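Notes follow once the structure below has been shown.
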Amino acid sequence: MGITTFGANGEYTDDEYPWDAVPVDAPMDEGLVQRGYGNQRSYPMLRANLRERTAQMMRRCRDANLPYVYCKSTALRLLGVETPEDLAVPGNAWDNAVPRKPGRKSKRTSNAEALHVVVRTAAERHASSDVRMHVWNGLTDDCVQQLANGICCLKPAAAWTSIAMDATMLQLVQIAESMERYGLATLDELRTFVEARRFHGKHRCRIALAIAEPGSASVKETELRVRLELRGLPEFAINFAVPGAAYDSRAEQTVDLAIERYRVGLEYQGDQHRSDYRQYRRDRDKLGALAALGWQVLEVTQQDLNSEEAVDRLAMRVMCIIARHTGEQPRIMRLTYARLADPRRAGREG
(Lines give C-alpha, C1' and ligand atoms only; values in the text may rest on other atoms or scores of the structure.)
Protein backbone atom coordinates (compact mmCIF):
# COMPACT_ATOMS: atom_id res chain seq x y z
CA MET A 1 0.00 0.00 0.00
CA GLY A 2 1.45 3.35 -1.03
CA ILE A 3 1.07 5.10 2.31
CA THR A 4 2.81 7.96 4.01
CA THR A 5 4.79 7.14 7.14
CA PHE A 6 5.11 9.64 10.00
CA GLY A 7 7.79 9.35 12.68
CA ALA A 8 11.35 8.20 12.40
CA ASN A 9 11.93 5.57 15.04
CA GLY A 10 9.28 3.08 13.99
CA GLU A 11 8.83 2.02 17.60
CA TYR A 12 6.26 2.65 20.28
CA THR A 13 6.40 1.51 23.89
CA ASP A 14 3.89 1.58 26.71
CA ASP A 15 5.88 4.02 28.82
CA GLU A 16 6.13 6.65 26.08
CA TYR A 17 3.60 8.86 24.40
CA PRO A 18 3.39 8.52 20.62
CA TRP A 19 4.91 11.95 20.03
CA ASP A 20 5.22 11.49 16.30
CA ALA A 21 1.47 10.88 16.08
CA VAL A 22 0.48 13.83 18.26
CA PRO A 23 1.48 17.20 16.81
CA VAL A 24 -0.65 19.23 19.23
CA ASP A 25 2.14 20.24 21.63
CA ALA A 26 5.27 19.80 19.55
CA PRO A 27 7.70 22.71 19.07
CA MET A 28 6.40 25.06 16.39
CA ASP A 29 7.71 24.01 12.99
CA GLU A 30 8.72 27.05 10.93
CA GLY A 31 7.63 25.31 7.74
CA LEU A 32 4.14 24.86 9.15
CA VAL A 33 4.07 28.48 10.25
CA GLN A 34 4.98 29.64 6.78
CA ARG A 35 2.18 27.52 5.33
CA GLY A 36 -0.29 29.12 7.73
CA TYR A 37 -0.60 26.22 10.17
CA GLY A 38 -0.91 26.26 13.88
CA ASN A 39 -1.71 28.74 16.63
CA GLN A 40 0.80 29.99 19.18
CA ARG A 41 -1.75 30.10 21.99
CA SER A 42 -1.93 26.94 24.08
CA TYR A 43 -4.11 25.27 26.69
CA PRO A 44 -1.74 22.78 28.37
CA MET A 45 -4.38 20.93 30.41
CA LEU A 46 -6.50 20.24 27.35
CA ARG A 47 -3.54 19.19 25.23
CA ALA A 48 -2.19 16.93 27.96
CA ASN A 49 -5.61 15.30 28.18
CA LEU A 50 -5.71 14.77 24.41
CA ARG A 51 -2.22 13.30 24.50
CA GLU A 52 -3.16 10.89 27.25
CA ARG A 53 -6.23 9.71 25.34
CA THR A 54 -4.17 9.31 22.19
CA ALA A 55 -1.66 7.15 24.03
CA GLN A 56 -4.50 4.98 25.32
CA MET A 57 -5.91 4.58 21.81
CA MET A 58 -2.45 3.74 20.48
CA ARG A 59 -2.12 0.92 22.97
CA ARG A 60 -5.64 -0.31 22.24
CA CYS A 61 -5.08 -0.37 18.47
CA ARG A 62 -1.71 -2.02 18.87
CA ASP A 63 -3.21 -4.76 21.06
CA ALA A 64 -6.11 -5.24 18.60
CA ASN A 65 -3.57 -5.79 15.79
CA LEU A 66 -6.18 -5.27 13.07
CA PRO A 67 -5.01 -5.33 9.42
CA TYR A 68 -7.27 -2.39 8.56
CA VAL A 69 -7.21 1.39 8.30
CA TYR A 70 -8.72 3.20 11.26
CA CYS A 71 -11.33 5.89 10.57
CA LYS A 72 -13.90 8.14 12.25
CA SER A 73 -13.39 8.81 15.98
CA THR A 74 -10.65 6.20 16.23
CA ALA A 75 -8.58 7.98 13.57
CA LEU A 76 -9.21 11.39 15.14
CA ARG A 77 -8.06 10.05 18.50
CA LEU A 78 -4.89 8.62 16.95
CA LEU A 79 -4.19 11.98 15.33
CA GLY A 80 -4.55 13.79 18.65
CA VAL A 81 -7.64 15.84 17.87
CA GLU A 82 -11.02 16.08 19.59
CA THR A 83 -13.72 13.58 18.63
CA PRO A 84 -17.49 14.11 18.48
CA GLU A 85 -17.75 12.15 21.73
CA ASP A 86 -15.36 14.60 23.42
CA LEU A 87 -17.58 17.49 22.36
CA ALA A 88 -20.90 15.88 23.30
CA VAL A 89 -20.92 17.55 26.72
CA PRO A 90 -24.17 18.61 28.43
CA GLY A 91 -23.92 22.05 26.85
CA ASN A 92 -24.06 20.45 23.40
CA ALA A 93 -26.88 18.02 24.10
CA TRP A 94 -29.50 20.38 22.69
CA ASP A 95 -27.56 21.11 19.51
CA ASN A 96 -28.82 20.07 16.08
CA ALA A 97 -29.31 16.31 16.06
CA VAL A 98 -27.05 13.96 14.15
CA PRO A 99 -28.87 13.06 10.91
CA ARG A 100 -30.45 9.62 11.13
CA LYS A 101 -33.09 7.76 9.22
CA PRO A 102 -36.61 7.89 10.78
CA GLY A 103 -37.22 5.01 13.13
CA ARG A 104 -33.58 4.03 13.25
CA LYS A 105 -32.31 3.41 16.74
CA SER A 106 -29.16 5.35 17.57
CA LYS A 107 -25.99 3.34 18.13
CA ARG A 108 -24.02 6.34 19.29
CA THR A 109 -23.12 4.94 22.72
CA SER A 110 -21.90 1.60 21.39
CA ASN A 111 -20.14 3.31 18.50
CA ALA A 112 -18.23 5.50 20.91
CA GLU A 113 -16.74 2.43 22.58
CA ALA A 114 -15.89 0.56 19.38
CA LEU A 115 -12.86 0.73 17.12
CA HIS A 116 -13.77 2.10 13.70
CA VAL A 117 -12.09 0.81 10.55
CA VAL A 118 -12.73 1.44 6.87
CA VAL A 119 -12.67 -1.00 3.95
CA ARG A 120 -13.15 -0.50 0.22
CA THR A 121 -15.91 -3.02 -0.45
CA ALA A 122 -18.85 -4.55 1.39
CA ALA A 123 -17.34 -7.99 0.81
CA GLU A 124 -14.55 -7.09 3.23
CA ARG A 125 -16.95 -6.41 6.07
CA HIS A 126 -17.61 -8.95 8.80
CA ALA A 127 -19.43 -8.90 12.10
CA SER A 128 -17.52 -7.98 15.26
CA SER A 129 -18.72 -6.86 18.68
CA ASP A 130 -15.82 -4.47 19.29
CA VAL A 131 -15.12 -3.25 15.76
CA ARG A 132 -17.31 -1.18 13.43
CA MET A 133 -16.41 -1.73 9.79
CA HIS A 134 -17.38 1.01 7.35
CA VAL A 135 -17.34 0.85 3.56
CA TRP A 136 -15.91 3.72 1.53
CA ASN A 137 -15.58 2.96 -2.15
CA GLY A 138 -13.49 6.09 -2.58
CA LEU A 139 -10.75 4.88 -0.23
CA THR A 140 -7.37 5.19 -1.94
CA ASP A 141 -3.80 4.81 -0.76
CA ASP A 142 -3.22 8.55 -0.67
CA CYS A 143 -5.92 8.86 2.01
CA VAL A 144 -3.95 6.66 4.40
CA GLN A 145 -1.00 7.36 6.66
CA GLN A 146 1.08 4.98 8.72
CA LEU A 147 2.09 6.04 12.21
CA ALA A 148 5.54 5.25 13.55
CA ASN A 149 4.35 2.11 15.31
CA GLY A 150 2.85 0.60 12.15
CA ILE A 151 -0.77 1.51 12.85
CA CYS A 152 -2.60 2.82 9.78
CA CYS A 153 -5.31 5.46 9.91
CA LEU A 154 -6.89 7.97 7.59
CA LYS A 155 -5.02 11.20 6.97
CA PRO A 156 -6.46 14.27 8.73
CA ALA A 157 -8.72 15.50 5.90
CA ALA A 158 -10.10 12.01 5.23
CA ALA A 159 -10.56 11.38 8.96
CA TRP A 160 -12.55 14.61 9.29
CA THR A 161 -14.87 13.79 6.38
CA SER A 162 -15.39 10.27 7.76
CA ILE A 163 -17.41 11.73 10.68
CA ALA A 164 -19.61 13.90 8.45
CA MET A 165 -22.70 11.80 9.19
CA ASP A 166 -21.86 11.16 12.86
CA ALA A 167 -21.08 14.64 14.18
CA THR A 168 -23.39 17.60 14.65
CA MET A 169 -22.74 20.58 12.42
CA LEU A 170 -21.17 22.46 15.31
CA GLN A 171 -18.85 19.55 16.04
CA LEU A 172 -17.76 19.45 12.38
CA VAL A 173 -16.85 23.14 12.59
CA GLN A 174 -15.05 22.69 15.91
CA ILE A 175 -12.97 19.73 14.71
CA ALA A 176 -12.14 21.44 11.40
CA GLU A 177 -10.78 24.44 13.30
CA SER A 178 -8.89 22.13 15.65
CA MET A 179 -7.28 20.45 12.64
CA GLU A 180 -5.81 23.81 11.62
CA ARG A 181 -4.97 24.86 15.18
CA TYR A 182 -2.94 21.68 15.76
CA GLY A 183 -1.15 21.86 12.41
CA LEU A 184 -2.86 18.78 10.98
CA ALA A 185 -4.57 20.39 7.98
CA THR A 186 -5.50 23.89 6.90
CA LEU A 187 -9.10 24.76 6.17
CA ASP A 188 -8.13 25.21 2.52
CA GLU A 189 -6.70 21.70 2.46
CA LEU A 190 -9.93 20.36 3.93
CA ARG A 191 -11.91 22.21 1.24
CA THR A 192 -9.69 20.82 -1.51
CA PHE A 193 -10.17 17.28 -0.21
CA VAL A 194 -13.95 17.68 0.10
CA GLU A 195 -14.30 18.94 -3.47
CA ALA A 196 -12.07 16.20 -4.89
CA ARG A 197 -13.75 13.19 -3.24
CA ARG A 198 -17.09 11.40 -3.18
CA PHE A 199 -18.46 10.47 0.23
CA HIS A 200 -21.60 10.62 2.34
CA GLY A 201 -22.05 13.96 4.07
CA LYS A 202 -20.25 16.08 1.47
CA HIS A 203 -22.88 18.84 1.66
CA ARG A 204 -22.59 19.00 5.45
CA CYS A 205 -18.81 19.33 5.17
CA ARG A 206 -19.18 22.19 2.69
CA ILE A 207 -21.46 24.05 5.09
CA ALA A 208 -19.12 23.46 8.05
CA LEU A 209 -16.11 24.73 6.09
CA ALA A 210 -18.02 27.84 5.01
CA ILE A 211 -18.53 28.64 8.70
CA ALA A 212 -15.10 27.59 10.01
CA GLU A 213 -12.47 30.29 10.48
CA PRO A 214 -8.72 30.06 11.16
CA GLY A 215 -7.18 31.32 14.39
CA SER A 216 -9.52 30.05 17.11
CA ALA A 217 -7.72 29.15 20.32
CA SER A 218 -10.04 26.39 21.58
CA VAL A 219 -13.16 24.40 20.76
CA LYS A 220 -15.08 26.44 23.33
CA GLU A 221 -14.21 29.70 21.59
CA THR A 222 -15.41 28.16 18.34
CA GLU A 223 -18.66 27.11 19.99
CA LEU A 224 -19.18 30.57 21.48
CA ARG A 225 -18.65 32.31 18.14
CA VAL A 226 -20.85 29.98 16.12
CA ARG A 227 -23.71 29.96 18.62
CA LEU A 228 -23.82 33.75 18.75
CA GLU A 229 -23.62 34.17 14.99
CA LEU A 230 -26.48 31.67 14.67
CA ARG A 231 -28.51 34.24 16.61
CA GLY A 232 -27.89 36.93 14.04
CA LEU A 233 -24.97 38.74 15.64
CA PRO A 234 -22.43 40.36 13.30
CA GLU A 235 -19.41 38.31 12.33
CA PHE A 236 -16.71 38.33 15.00
CA ALA A 237 -13.00 38.94 14.58
CA ILE A 238 -11.01 36.12 16.22
CA ASN A 239 -8.17 36.86 18.67
CA PHE A 240 -8.45 40.55 17.87
CA ALA A 241 -5.51 42.76 18.84
CA VAL A 242 -7.00 45.92 20.33
CA PRO A 243 -5.27 49.03 18.96
CA GLY A 244 -3.36 50.89 21.66
CA ALA A 245 -3.66 48.09 24.23
CA ALA A 246 -0.52 46.33 25.47
CA TYR A 247 0.87 44.63 28.57
CA ASP A 248 3.88 46.00 30.46
CA SER A 249 5.97 43.59 28.38
CA ARG A 250 4.66 45.45 25.30
CA ALA A 251 2.89 42.31 24.10
CA GLU A 252 -0.38 43.27 22.44
CA GLN A 253 -3.61 42.68 24.30
CA THR A 254 -6.18 40.63 22.47
CA VAL A 255 -9.78 39.56 23.02
CA ASP A 256 -11.05 36.14 21.99
CA LEU A 257 -13.91 37.55 19.91
CA ALA A 258 -14.51 41.17 18.92
CA ILE A 259 -16.68 43.46 16.84
CA GLU A 260 -14.34 46.41 16.44
CA ARG A 261 -16.77 49.01 15.14
CA TYR A 262 -18.88 48.66 18.30
CA ARG A 263 -15.92 48.15 20.64
CA VAL A 264 -17.44 45.04 22.13
CA GLY A 265 -15.52 41.88 22.92
CA LEU A 266 -15.97 38.48 24.54
CA GLU A 267 -13.50 36.45 26.55
CA TYR A 268 -14.16 32.76 27.21
CA GLN A 269 -12.93 32.01 30.73
CA GLY A 270 -12.08 28.37 31.30
CA ASP A 271 -11.08 26.84 34.63
CA GLN A 272 -7.47 28.00 34.27
CA HIS A 273 -8.64 31.62 34.37
CA ARG A 274 -10.12 31.07 37.84
CA SER A 275 -7.68 28.61 39.39
CA ASP A 276 -4.44 30.36 38.35
CA TYR A 277 -4.00 33.57 40.37
CA ARG A 278 -1.46 35.05 37.97
CA GLN A 279 -3.83 34.42 35.07
CA TYR A 280 -6.68 35.92 37.06
CA ARG A 281 -4.69 39.10 37.78
CA ARG A 282 -3.59 39.32 34.16
CA ASP A 283 -7.23 39.08 33.06
CA ARG A 284 -8.28 41.81 35.53
CA ASP A 285 -5.53 44.15 34.35
CA LYS A 286 -6.41 43.56 30.70
CA LEU A 287 -10.13 44.15 31.16
CA GLY A 288 -9.42 47.35 33.06
CA ALA A 289 -7.09 48.61 30.33
CA LEU A 290 -9.61 47.80 27.61
CA ALA A 291 -12.39 49.54 29.51
CA ALA A 292 -10.22 52.67 29.69
CA LEU A 293 -10.04 52.57 25.89
CA GLY A 294 -13.83 52.46 25.62
CA TRP A 295 -14.20 48.72 25.13
CA GLN A 296 -16.88 46.65 26.82
CA VAL A 297 -15.66 43.07 27.21
CA LEU A 298 -18.02 40.38 28.47
CA GLU A 299 -16.58 37.38 30.30
CA VAL A 300 -18.20 34.11 29.26
CA THR A 301 -18.12 30.73 31.03
CA GLN A 302 -19.57 27.31 30.33
CA GLN A 303 -22.72 28.36 32.18
CA ASP A 304 -23.46 30.77 29.35
CA LEU A 305 -23.44 27.88 26.87
CA ASN A 306 -25.32 25.23 28.82
CA SER A 307 -28.75 25.87 27.28
CA GLU A 308 -30.44 27.67 24.44
CA GLU A 309 -31.93 30.12 26.93
CA ALA A 310 -28.49 30.92 28.39
CA VAL A 311 -27.04 31.59 24.94
CA ASP A 312 -30.09 33.73 24.08
CA ARG A 313 -29.46 35.86 27.17
CA LEU A 314 -25.80 36.28 26.27
CA ALA A 315 -26.65 37.16 22.67
CA MET A 316 -29.16 39.78 23.85
CA ARG A 317 -26.53 41.35 26.14
CA VAL A 318 -24.22 41.78 23.17
CA MET A 319 -27.05 43.11 20.99
CA CYS A 320 -27.96 45.67 23.66
CA ILE A 321 -24.39 46.99 23.58
CA ILE A 322 -24.55 47.19 19.79
CA ALA A 323 -27.94 48.93 19.98
CA ARG A 324 -26.42 51.75 22.02
CA HIS A 325 -24.20 52.50 19.02
CA THR A 326 -26.77 52.00 16.28
CA GLY A 327 -29.92 53.31 17.96
CA GLU A 328 -31.82 50.26 16.68
CA GLN A 329 -34.03 47.98 18.74
CA PRO A 330 -31.95 45.02 20.00
CA ARG A 331 -33.17 41.65 18.77
CA ILE A 332 -31.84 38.20 18.12
CA MET A 333 -32.73 35.79 15.36
CA ARG A 334 -32.58 32.07 14.63
CA LEU A 335 -30.40 31.25 11.65
CA THR A 336 -29.85 27.78 10.24
CA TYR A 337 -26.31 26.57 9.65
CA ALA A 338 -26.96 26.76 5.91
CA ARG A 339 -28.03 30.40 6.23
CA LEU A 340 -25.01 31.19 8.39
CA ALA A 341 -22.74 29.66 5.73
CA ASP A 342 -24.32 31.69 2.92
CA PRO A 343 -21.72 34.23 1.69
CA ARG A 344 -24.55 36.66 0.91
CA ARG A 345 -25.35 37.02 4.60
CA ALA A 346 -24.47 40.46 5.97
CA GLY A 347 -20.99 40.39 7.44
CA ARG A 348 -19.83 37.44 5.30
CA GLU A 349 -19.81 39.10 1.91
CA GLY A 350 -16.54 39.63 0.07
Side-chain angles (χ1 to χ4, degrees), residues 36 39 76 81-84 87-88 91-100 156-182 184-240 256-261 266 268 305 308 311-312 314-315 318-319 322 331-350:
N39 189 304
L76 293 176
V81 70
E82 294 90 352
T83 70
L87 303 176
N92 285 0
W94 46 270
D95 194 32
N96 63 313
V98 176
R100 300 201 180 272
W160 180 71
T161 58
S162 73
I163 61 166
M165 299 302 290
D166 300 313
T168 67
M169 191 64 72
L170 174 60
Q171 290 165 357
L172 280 176
V173 176
Q174 288 175 300
I175 295 172
E177 292 189 5
S178 287
M179 288 270 181
E180 176 145 29
R181 182 165 58 252
Y182 300 153
L184 291 169
T186 66
L187 297 180
D188 283 341
E189 287 172 338
L190 293 180
R191 293 186 185 101
T192 298
F193 185 89
V194 167
E195 295 307 318
R197 305 285 175 162
R198 296 182 61 184
F199 59 92
H200 292 299
K202 186 167 185 169
H203 181 63
R204 287 171 57 80
C205 288
R206 283 173 169 164
I207 292 176
L209 288 172
I211 296 171
E213 297 285 351
S216 65
S218 71
V219 292
K220 298 310 297 185
E221 289 183 17
T222 300
E223 178 184 358
L224 173 60
R225 185 187 83 248
V226 172
R227 291 205 186 284
L228 290 179
E229 291 184 359
L230 282 169
R231 283 156 175 77
L233 272 69
E235 187 172 6
F236 289 93
I238 301 172
N239 294 329
F240 179 76
D256 295 338
L257 301 173
I259 307 174
E260 182 181 12
R261 64 183 179 274
L266 294 102
Y268 183 81
L305 300 174
E308 290 187 271
V311 180
D312 285 345
L314 175 61
V318 178
M319 290 303 294
I322 293 174
R331 65 188 182 95
I332 60 175
M333 297 182 288
R334 280 286 193 276
L335 302 181
T336 64
Y337 281 92
R339 181 73 181 93
L340 182 60
D342 192 331
R344 296 169 296 180
R345 184 177 76 88
R348 298 192 74 91
E349 296 181 357

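Here the structure is a predicted model, which is why all the values come from computation and not from measurement.
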| Who passes salt bridge (Lys or Arg N to Asp or Glu O under 4.0 Å) against Arg334, sequence neighbours left out? | Asp312

| message | Under the rule for side-chain contact (heavy atoms from CB on, under 4.5 Å), what residues qualify as partners of Ala315, not counting sequence neighbours? | response | Leu228, Arg231, Leu233, Ile332

| query | Ile207 and Tyr337: which non-hydrogen atoms are nearest, and at how many Å? | reply | CG2-O, 3.7 Å

| task | Grab the two heavy atoms, one from Ala176 and one from Leu190, that are nearest each other, plus how far apart they are. | result | CB-CD1, 3.8 Å

| query | So which heavy atom on Glu229 is nearest to which on Phe236, and how close? | reply | OE2-N, 3.0 Å

| query | Yes or no on side-chain contact (heavy atoms from CB on, under 4.5 Å) for Cys205 and Trp160, after CA distance, side-chain angles and deciding distance? | reply | CA-CA 9 Å; Cys205 288; Trp160 180 71; 3.7 Å; yes

| field | Spacing of Asp256 atom CG and Arg225 atom CZ [to the nearest 0.5 Å] | value | 11.5 Å

| remark: Sorted by chain and number, sequence neighbours left out, side-chain hydrogen bond (donor to acceptor under 3.5 Å, both in side chains) with Asp188 holds for Arg191

| task | Could you tell me which residues satisfy side-chain contact (heavy atoms from CB on, under 4.5 Å) with Arg198, sequence neighbours excluded, listed by chain and number? | result | none

| query | For Thr83, what residues pass the side-chain hydrogen bond (donor to acceptor under 3.5 Å, both in side chains) criterion, not counting sequence neighbours? | reply | Glu85, Asp86

| query | Under the ring pair (Phe, Tyr, Trp, His ring centres under 6.0 Å) test, which residues partner Phe193, sequence neighbours left out? | reply | none

| query | Under 3.5 Å, is there a donor-acceptor pair between the side chain of Lys202 and the main chain of Thr161? | reply | no

| field | Distance, nearest 0.5 Å, that separates CG of Leu87 from CD of Gln174 | value | 4.5 Å

| query | For Thr336, which residues count as a side-chain contact (heavy atoms from CB on, under 4.5 Å) partner, sequence neighbours excluded? | reply | Ala338, Arg339

| note | Sequence neighbours excluded, the answer for side-chain hydrogen bond (donor to acceptor under 3.5 Å, both in side chains) partners of Thr222 is Glu177, Ser216

| Are the side chain of Asn239 and the backbone N or O of Gly215 linked by a donor-acceptor pair below 3.5 Å? | yes

| Between the side chain of Lys220 and the main-chain N/O of Tyr268, is any donor-acceptor distance below 3.5 Å? | no

| note | Sorted by chain and residue number, the salt bridge (Lys or Arg N to Asp or Glu O under 4.0 Å) partners of Arg206 (sequence neighbours excluded) come out as Glu195

